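Have a look at the structure below, then the notes.
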Amino acid sequence: MFIDVENDLNKNFFLTMIYSARTGGKTYSTVNYAYKMISESFDGKNVNKKFFYIRRRYKNELEFAKNTLFSRFADVENNGRRFYLKRGNKKFLCGRCAALSELKSRGLEIEDLSLIIFDEFTIKQGETYLNNEFNIFASMLDTIVRLRENVQIILLGNANMFYNPYTINLNIKRQDEYIDFNRSIYLKIYSSEITTERQTSCVAKLLAGTAYDEWASSVDFEEDHYLNIEKVSKNSKVVCTVEYNQFIFAFLVDNLEKKIFIKKVTKKHQNHYTFSLKNISDTVKLFSSYHPFFKFFRQMYTVGKVYFNNVETKSEFLDILNLIIST
């Protein structure tokens, strides 16, 4: 275990978001925290602090994770969607689990809820977020948390795409440690410290330099690399242009392939916008979530459907990209 989330959760924020390299111990230490919580809250008749464990989908995610989540603790038993703390010959409900995809229209009530764990909240390559995922997540919180003030939420994700439905909708800025203005959100990105610790393990030494080591120990975000480079499709049509730093960028939409393309052009479209660092407040308003096209752009970006025609275009567009997806 390289991460101890107890240090992060003890800061007592409503929502804690953790990013790190894979196999860094995020889930391991969170389960330790949950076990300590339920054990210490048992009064002989009831577990007074319960947890709720979430994965995005049931198949290939929750169906396997729930069976092994507490396997190292002999006195915690998983029975379908429920977890029980065993004391003598009796079992006491201590937690529940569900797939986020199942919570679209199902009410849920959890007594004595104290901790919500959303494991693997970031997607891997080839995966997708749920349609309207953030609203499903928000609706779930609205249902089971309601007016409770003693519930903590922890989101555990691998370093791949920092900007996703959660960081975008919650307006979380990317930095190694972030606290929002009303102290309800705490973000921690474990980067160099995890890499250093991981390199000293026996497994890391064995696999050093392999493709697996590069993948598992990566703490880089895809936004830092030139991914999603693709030639503009023939069915694409220009929706608008944006001007920045003497460049004009065209936004093209292919409704058949469900993609957005960006390329540099020389002529302005009738729907033309200017990005200016001198007048940043007006620029923020322009790219805010209220603008219908840029709201659509943000949704497409979170599922990997925004493409650039070449590396040069993406590198020159990064300032605007960071503004649009974090406004």
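No experiment lies behind these values; they were computed from the predicted model shown.
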**Message:** I'd like to know if R56 pairs up with E133 as an ion pair, taking the criterion as any Lys NZ or Arg NE/NH1/NH2 lying under 4.0 Å from an Asp or Glu carboxylate oxygen.
**Reply:** yes
**Partner set under salt bridge (Lys or Arg N to Asp or Glu O under 4.0 Å) for E120, not counting sequence neighbours** = none
**Prompt:** Of all residues at least two apart in sequence or in a different chain, which pass the ring-ring contact (aromatic ring centres under 6.0 Å, His included) check with Y58?
**Reply:** none
**Message:** Suppose we screen for salt bridge (Lys or Arg N to Asp or Glu O under 4.0 Å). Which residues come up paired with K264, at least two apart in sequence or across chains?
**Reply:** E312, E316
**Prompt:** Taking ILVMFWY side chains as joined if any heavy atoms are under 4.5 angstrom apart, and letting links pass through other members, which residues group with Y307?
**Reply:** V232, V238, L252, F261
**Message:** Under the rule for ring-ring contact (aromatic ring centres under 6.0 Å, His included), what residues qualify as partners of F293, not counting sequence neighbours?
**Reply:** F251
**Asked** Is a side-chain N or O of T241 found less than 3.5 angstrom from the main chain of H272, in a donor-acceptor match?
**Response** no
**Request:** Kindly write out the residues that satisfy ring-ring contact (aromatic ring centres under 6.0 Å, His included) with F249, not counting sequence neighbours, or none if the list is empty.
**Result:** F317
**Message:** Restricting to side chain to side chain donor-acceptor pair (under 3.5 Å), what partner residues turn up for Y84, sequence neighbours left out?
**Reply:** none
**Request:** Using side chain to side chain donor-acceptor pair (under 3.5 Å) as the criterion, list what pairs up with Q152, not counting sequence neighbours.
**Result:** Y33
**Request:** Can you label the angle between the F297 ring and the Y301 ring as parallel, tilted or perpendicular, going by 30° and 60°?
**Result:** parallel
**Request:** Only counting residues at least two apart or in another chain, list the ones meeting side chain to side chain donor-acceptor pair (under 3.5 Å) with N182.
**Result:** S184
**Item:** Check: N10 side chain, N12 main-chain N or O, donor-acceptor pair, under 3.5 Å
**Value:** no
**Prompt:** Ignoring hydrogens and geometry, is there a side-chain-to-backbone donor-acceptor pair from N235 to D254 under 3.5 Å?
**Reply:** no
**Asked** Under 4.5 Å between any side-chain heavy atoms of Y129 and T122, yes or no?
**Response** yes
**Request:** List for me each residue that meets salt bridge (Lys or Arg N to Asp or Glu O under 4.0 Å) alongside E257, sequence neighbours excluded, and say none if there are none.
**Result:** K259
**Complete:** Using a 4.5 Å side-chain heavy-atom cut-off and chaining through intermediate ILVMFWY residues, the residues clustered with Y186 come out as F13, I179
**Asked** Who are the salt bridge (Lys or Arg N to Asp or Glu O under 4.0 Å) partners of D75, not counting sequence neighbours?
**Response** R87
**Request:** Quick one: pull up CG in N255 and NZ in K258 and give me the separation to the nearest 0.5 Å.
**Result:** 6.5 Å
